[in-house]
Amino acid sequence: MLVLNLSKPYQPNSAPNVTTRMLRALGLNTIEELYNDIPDDAKLNRPLNIPEGKTEGEVERLIEETLRQDLAPEPHQCFLGGGIWTHYVPALVDEVISRSEFYTAYTPYQAEASQGMLQALYEYQSLICDLTGMEIANSSMYDWASAAGEAGRMAVRITRRRKIVALRNCGPQRLDTLKTYCDAAGVDVVVVDYEHKKGCIDYSTLKEKVDDETAAIYFENPNYFGVFEEQAEEICKLAHLKGALAIVGLDPTSLSVVKPPAEYGADIVVGEGQPLGLYPNYGGPLIGIFAARGGQKVFRQMPGRIIGETLSKNGERRCYTMVMQTREQHIRREEATSNICTNEALCAVAASVYLAMLGSSGLMELGRRIMESSHYAAKKLGEIKNVESPRFTPFFKDFVVRFLQADPEKIYRNLPKYGLVGSQPLGKDFPELSDSALFSATEVHLKKDIDFLIHSVSKEVEDK
Amino acid sequence: MKYRQARWDEPLLIELSGEGRCGLTLPFDPELSREVGDVLETIPKNLRRADIRLPQVAQPQITRHYIRLSQMNYSVDSGTYPLGSCTMKHNPKIIQRILANTKVRKIHPEQPDEYTQGLMKILFELGTMLAEIVGLPKFSLQPAAGAQGEFTGVLMIRAWLKDRGQLNTRNEILIPDTAHGTNPASAAMAGFKVIEIPSTEDGLVDVEAIKAVAGRSTAGMMMTVPNTLGLFEKHIKEVINIIHEVGGLMYYDGANLNALIGRVRPGDIGFDIAHLNLHKTFGTPHGGGGPGAGPVFSTEELGEYLPKPTLEFDGQRYRWCYDRPKSVGRVRSYFGNISVLLGAYIYCLLMGRDGLKDASALATLAANYLMSKLDRRYFDLHYFLNIRCKHEFVASAKVSALEVAKLMLDYGVHPPTIYFPITVPEAMMIEPTESESVEELDNYAEVLNKAAEVASKDPKAAAEAPHNTATPRVDEVRASHPRTLKVRW
Ligand SMILES: Cc1ncc(COP(=O)(O)O)c(C=O)c1O
């Protein structure tokens, strides 16, 4: 029989009389007989070394107890950024993605029964197009980093060239992932150094590295140091001049104040949708934004799922369904544009609710609030003795702070004593910035929160 | 059962928009504003945004919009949803509650390790439990879904070959023709040539065909066990021997593990690398398409190739280890889809050793029971004449699988996966899972049989179905036709 001869809450047929009835209907006596086809030498002949099952209440308590010692700062106590940021998550976002009609559905394979999810994803794609100025967006990638990897590969398919030029002032994890995705295809990623004094792209160095083997230039705007790339347009032009594509990586909240990348020449836009209504969640789930332009020839090279608007066959109703599936793995197999199947659909819905709530004026307001907080924090940190802040300008949300005397690593490790997190040391990825750290501030940080950060950092700087 | 799905004429968000409305207010600190002046002036002029076009909608209308959309979406919580290969089991609600309340939400991944020891302990214990289930000791929780796990796995094969100086000669990955599309797509993404292995009459991988192609150019083979027909590959040990003998590695696609937990461990029978789909087998929801999680497991020897960072425990402290010179690198940012991982951990604790094993048995029982109720006049089940299916089975409809599926929608159940695997004509792949009661299984069989009967006797009625869903039959051709393609408002 079953190992436990007990009815279990999640398995209706575990009631012993039901199990027996079902087995009888199959002419069987024991459940083991269902496994008669498996050779004995393939079977495990001992119980798994896993604890016995617990009740719901026990598990809830155990998790709570295990996590008790961990520090979980409130959003306004977190000054870390770099790819995940703390923003206010509206209650309605939580509410919508807690609807089990959404979260317990599978991918919308049967369009007629899945119109809700399909329309929500179509709206997400449209919102991303509105924000970025692009013609098409897919319904999500895993995260910004893997989206950058897929963008590199898409550029290789479009241009039939085998080199990606990427900027060193992009997020280190994004660059690592881009390399993983490209290496696998035998595509070189050439990383070009930035302007060390300013934190931005060094156009003349970049220019030397872009040639007619180059499939794309990948840069971020604002870059990893939070700095706006003033020469974004020139860089895109440079790419086009050489017959390459321009791939821009971004934090979508920056599009509250920065013009759509399509307007300065981007061909593919990737980014991290997490700040649009998702919690930091120790790094996941995230949502990779992926958008492009260039007409249907380009569309056919897109990775991932795309939802389209159509009509019912009887012509009476507007409706939605997955389109251009002949690009995808379930049809095209080894010829597919990507292997992605499960994506981050629910997170895309969260991002849409968030953007819909802000609306045009709310988003503009958000950009201003973010910049007010980050600029106030940067300025005040710079007033601390032996601290240079902001090290690079002009900047958006993240910024670099230089400690002339103190060790950034020590500040990073000690801030939690004040209940704060921030000051991510940059030396590991940027040896030339070993005296510096990355900070971030958003609309959740009020003056008093920032003043407390300043107070805490000053104490640490003074206390040597 | 008479079924009616909600059918709202729900406008698009942009059509709900009215000038001057908004759904959220933002904090404003006048003192702070004064301190910094007009920050927007600091943005380079050539980058400034002139205007933003987003919907302007107030909160009540946004709320209704999404509630209505949710009412037009079928889900596991609505009813039977036995998509083959997808393991649509019930997601215990305690998982959702813990995830909704947990402080983990607020933790930034760059926070110092010494302040996240509890969470890292949970992740480490999850990895260890799953490794015990798979029978492979080393793990990475990084991949975001099954396909990314596969990609990671084939990259590991690549790195291993490179180390041995064999990357140039061994460039072929063998994959059965019943495999999921992600397998060949992942192998190709890692630069391998895909060699498709046919299946025999009985639905199992053709061992002779493997022998014929396995050799010096073989990098490895990807297998799904039980395969996507729902059959245990009884020659699996022989297959693994062949591949190992020619010097290749074996990759296990764990999408179908829900048949086997506690009975067969892929590592024990010789697989070298494996992924699991936590959003299938381990009780976490599928999110309408994601997020999922696709952790990867390997032998001790191959552990050094796993993505970085790996999670290590020295008996006292947990830490993320970046010093991994042979690693395939990163496949994404940070550590993984944490909330899905945490959900799977909760699931494992709830079920425990025996519960996990029983769940697999009950899933297998449900599939066999359901199959026994299918009308053989309409469904060809010849693969299963002399053998028990595992957690799922594939019926070959003698009528159009598409029409059967569309007819079923009117009965308040979700049809099976159709046209996969591609080796079976009019394939209907059915995986009821351990969550469906015997009554629901009886009902599902009745609906399948009824729909097939209508499809065979009344093609006109079939072509018009469904009637009771949020929309009648969708025009898929129009949707993807270059002239009518519309992917944004
Ligand atoms: C057999 C099989 N392999 C791999 C996958 C891919 O997994 P995921 O969708 O999590 O990427 C799936 C699921 O869709 C599957 O059914």
Original post:
Do B:Ser33 and A:Glu372 have side-chain atoms, one donor and one acceptor, less than 3.5 Å apart?
Top reply: yes

**OP:** Could you label the plane-to-plane angle of the B:Phe335 and A:Tyr282 rings as parallel, tilted or perpendicular, counting under 30° as parallel and over 60° as perpendicular?
**Re:** tilted

So for [X], is it side chain, backbone, both, or neither that comes closer than 4.5 Å to the heavy atoms of chain B?
X        : result
A:Lys43  : both
A:Arg68  : backbone
A:Gln424 : side chain
A:Asp130 : both
A:Val258 : both
A:Arg413 : both
A:Ser352 : both

Original post:
Heavy atoms, side chains only, cut-off 4.5 Å: are B:Arg49 and A:Val257 in contact?
Top reply: no

Original post:
Sequence neighbours excluded, which residues qualify as salt bridge (charged side-chain N to carboxylate O under 4.0 Å, His left out) partners of A:Glu74?
Top reply: B:Lys106

Original post:
With sequence neighbours excluded, what pairs up with B:Lys234 under the salt bridge (charged side-chain N to carboxylate O under 4.0 Å, His left out) test?
Top reply: none

**OP:** May I ask you to name which of A:Thr321, A:Asn281, A:Thr310, A:Asp70 has the most heavy-atom pairs under 4.5 Å with chain B?
**Re:** A:Asp70

**OP:** Give the member of A:Pro108, A:Ala336, A:Cys319 that has the highest number of heavy-atom pairs under 4.5 Å with chain B.
**Re:** A:Cys319

Original post:
Which atom names give the shortest non-hydrogen contact between A:Thr107 and B:His286, and what distance separates them?
Top reply: OG1-CE1, 3.8 Å

